[in-house]
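All values below come from the heavy atoms of this structure, side chains included, with hydrogens, waters and symmetry mates left out. Positions are given from 1 along the sequence.
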Amino acid sequence: MLDRDVVGEFLDCELEGIEIPEDIDKDKLVEAFCDYVEDDYYEWLKDNFKSFFNHGDPDWKWIRERTETLTPGHE
């Protein structure tokens with residue numbers, strides 16, 4: 001789900017000045033970090049889904065209002 005190249009660049013910037021042990025492969029580090037983030041992201045999506053759709057009893061009036069107030073580019 002995450003772009004591994006983008007995450008690799010992100011880690012390069014964020015880990016600047018931090019020495020990565022030689023026995024940790026950069027590609028495997030990127031993959032492990034992506035797996036970690038994706039697991040958390042999926043849980044976050046599930047929680048937000050429950051909240052947005054009112055735990056199975058959607059408030060369609062509220063949802064309609066949200067969809068009608070989207071700014072250009074967020075459609």
| remark: So CD of Glu19 and CD1 of Ile24: to nearest 0.5 Å the spacing works out to 11.0 Å
| Is it true that Tyr36 and Met1 fall in one hydrophobic cluster, defined by side-chain heavy atoms closer than 4.5 Å? | no
| query | Is the CD atom of Glu16 crowded by more than 12 outside heavy atoms at less than 6.0 Å? | reply | no
| field | Side-chain heavy atoms of Phe33 within contact of Leu29, under 4.5 Å | value | no
| Spacing of CG belonging to Leu70 relative to CD belonging to Glu65, to within rounding of 0.5 Å | 12.5 Å
| task | To the nearest 0.5 angstrom, please state how far the NZ atom of Lys26 sits from the CG atom of Asp12. | result | 3.5 Å
| More than 12 non-hydrogen atoms from neighbouring residues, nucleotides or ligands closer than 6.0 Å to OH on Tyr41, yes or no? | no
| query | Is there side-chain contact between Arg4 and Val7, with heavy atoms separated by less than 4.5 Å? | reply | no
| said: Are Val37 and Val6 linked, directly or through intermediate hydrophobic residues, by side-chain heavy-atom contacts shorter than 4.5 Å (ILVMFWY only)? | reply: no
| Given Lys28 and Glu31, is the salt bridge (charged side-chain N to carboxylate O under 4.0 Å, His left out) satisfied, shown in steps? | CA-CA 5 Å; Lys28 289 182 180 180; Glu31 188 61 34; over 6 Å; no
| Out of curiosity, does Val30 fall in the hydrophobic cluster containing Ile18 (side-chain heavy atoms, cut-off under 4.5 Å, transitive links)? | yes
| According to the interplanar angle, ranging from 0 to 90°, do the rings of Phe49 and Phe53 count as parallel (below 30°), tilted (30 to 60°) or perpendicular (above 60°)? | tilted
| query | Quick check: are there more than 12 heavy atoms from other residues, nucleotides or ligands sitting under 6.0 Å from CZ of Arg66? | reply | no
| task | Kindly compute the distance separating CG (Asn54) from CH2 (Trp60), expressed to the nearest 0.5 Å. | result | 11.0 Å
| Which value, rounded to the nearest 0.5 Å, describes the distance between Asp40 atom CG and Leu45 atom CG? | 10.0 Å
